[in-house]
Amino acid sequence: QVELVESGGGLVQAGGSVELSCAASGGLPGASTMGWYRQAPGKQRELVASVTSGGTTNYGDSMRGRCTISADNAKNTIYLQMTSLKPEDAAVYYCAAGHSPDLLRSGRATIWGQGIDVTVSS
């Protein structure tokens, strides 16, 4: 059974940085793209960034320029480094995997993690 396990969230001060990790266990046949979404209370879920197994990255508008997504294919793990955090970046961040960047961009991921909370204090 495939499972995505997120780690690294928590409380961060505004202006600070945090790195999230997502490890995929069980392999991801056919899922060539992994990414991060976030959902703040009362807001729609949005794509933060995605990365393909070939290393192609895509970024959503919300954190463009303030985050970097990377992948370690050998470990089936992706990372999201976020910097210059703002209170409005506080959200539950979800790891996801799917068949293409376009599908992730439209929210149609195949597999979802349980989410990890990032709180930004002002």
Side-chain angles (χ1 to χ4, degrees):
Q1 183 177 352
V2 178
E3 186 178 16
L4 302 178
V5 179
E6 302 109 331
S7 61
L11 177 64
V12 186
Q13 284 192 332
S17 302
V18 69
E19 183 176 75
L20 306 181
S21 301
C22 174
S25 62
L28 294 169
S32 63
T33 304
M34 293 181 68
W36 290 94
Y37 293 82
R38 71 181 188 182
Q39 186 167 23
K43 295 189 176 181
Q44 288 191 332
R45 183 179 59 201
E46 60 180 353
L47 179 69
V48 178
S50 69
V51 59
T52 69
S53 57
T56 300
T57 58
N58 287 280
Y59 293 92
D61 292 335
S62 60
M63 294 201 72
R64 190 185 303 273
R66 297 189 295 121
C67 70
T68 302
I69 190 169
S70 60
D72 184 336
N73 291 335
K75 296 181 179 180
N76 279 339
T77 299
I78 64 169
Y79 307 91
L80 183 69
Q81 177 74 35
M82 299 185 288
T83 62
S84 302
L85 285 164
K86 306 174 183 179
E88 53 263 41
D89 294 319
V92 177
Y93 285 73
Y94 295 91
C95 179
H99 294 287
S100 74
D102 286 342
L103 287 174
L104 261 66
R105 192 177 298 117
S106 64
R108 289 178 287 169
T110 304
I111 305 164
W112 293 88
Q114 292 194 336
I116 191 164
D117 189 70
V118 174
T119 302
V120 183
S121 63
S122 56

- prompt: Can you get from Val12 to Ile69 by hopping between Ile, Leu, Val, Met, Phe, Trp and Tyr side chains that sit under 4.5 Å apart?
  reply: yes
- request: Locate the shortest heavy-atom distance separating Val118 from Gly9; write the atom from each residue and the value.
  value: CG2-CA, 4.1 Å
query: Hey, is CD on Gln114 packed in by over 12 heavy atoms from elsewhere, all under 6.0 Å?
result: no
- request: Drop me the distance from Ile116's CD1 to Ser7's OG, to the nearest 0.5 angstrom.
  value: 6.0 Å
Distance in Å, Leu104 CG paired with Leu47 CG, rounded so as to fall on 0.5 Å steps: 6.0 Å
message: Quick check: closest heavy atoms across Ala71 and Val51, and the distance to 0.1 Å?
response: CB-CG1, 4.1 Å
- request: Using atom types as modelled and distance alone, determine if a side-chain donor or acceptor of Ser32 lies under 3.5 Å from a backbone N or O of His99.
  value: yes
- prompt: Hey, is the main chain of Ser50 close enough, under 3.5 Å, to the side chain of Asn58 for a donor-acceptor pair?
  reply: no
- prompt: Are more than 12 heavy atoms from other residues, nucleotides or ligands located less than 6.0 Å from atom CD of Gln13?
  reply: no
query: For Ser53 and Asn73, which heavy atoms make the closest approach, and how far apart are they?
result: O-ND2, 2.9 Å
message: Please give me the minimum heavy-atom distance between Ser122 and Pro87, naming the atom from each residue.
response: CB-CG, 3.9 Å
message: side-chain contact (heavy atoms from CB on, under 4.5 Å) for Cys95 and Trp112? Distances and angles first, verdict last.
response: CA-CA 6 Å; Cys95 179; Trp112 293 88; over 6 Å; no
- prompt: If two hydrophobic side chains count as joined below 4.5 Å and joins carry through other members, does Ile78 share a cluster with Val92?
  reply: no
task: Look up atom CD1 in Ile111 and atom CE in Met34, then write down how far apart they are to the nearest 0.5 Å.
output: 8.5 Å
Cys67: disulfide bond (SG atoms under 2.5 Å apart) partners, not counting sequence neighbours: none
CD on Glu88 to NZ on Lys43, rounded to 0.5 Å: 7.5 Å
- request: Mark yes or no for whether Glu6, through its side chain, and Tyr94, through its backbone, hold a donor-acceptor pair below 3.5 Å.
  value: no
message: For Asp72, is there any backbone N or O sitting under 3.5 Å from a side-chain donor or acceptor partner on Tyr79?
response: no
message: Would a single hydrophobic cluster contain both Leu20 and Met63, if residues Ile, Leu, Val, Met, Phe, Trp and Tyr are joined by side-chain heavy-atom contacts under 4.5 Å?
response: yes
query: Charged N to carboxylate O under 4.0 angstrom, Asp89 versus Lys86?
result: no
- prompt: Has Arg45 got its NZ or CZ under 6.0 Å from the middle of the six-membered ring of Tyr37, at an angle within 45 degrees of the ring axis?
  reply: yes
query: Where is the tightest heavy-atom contact between Cys22 and Leu4, given as atom of each residue plus distance?
result: SG-CB, 3.9 Å
- prompt: Is the backbone N or O of Arg66 less than 3.5 Å from a side-chain atom of Thr83, with the two atoms forming a donor-acceptor pair by type?
  reply: yes
- request: Could you pull out the closest heavy-atom pair between Ser84 and Ser17, with the gap in Å?
  value: N-OG, 4.4 Å
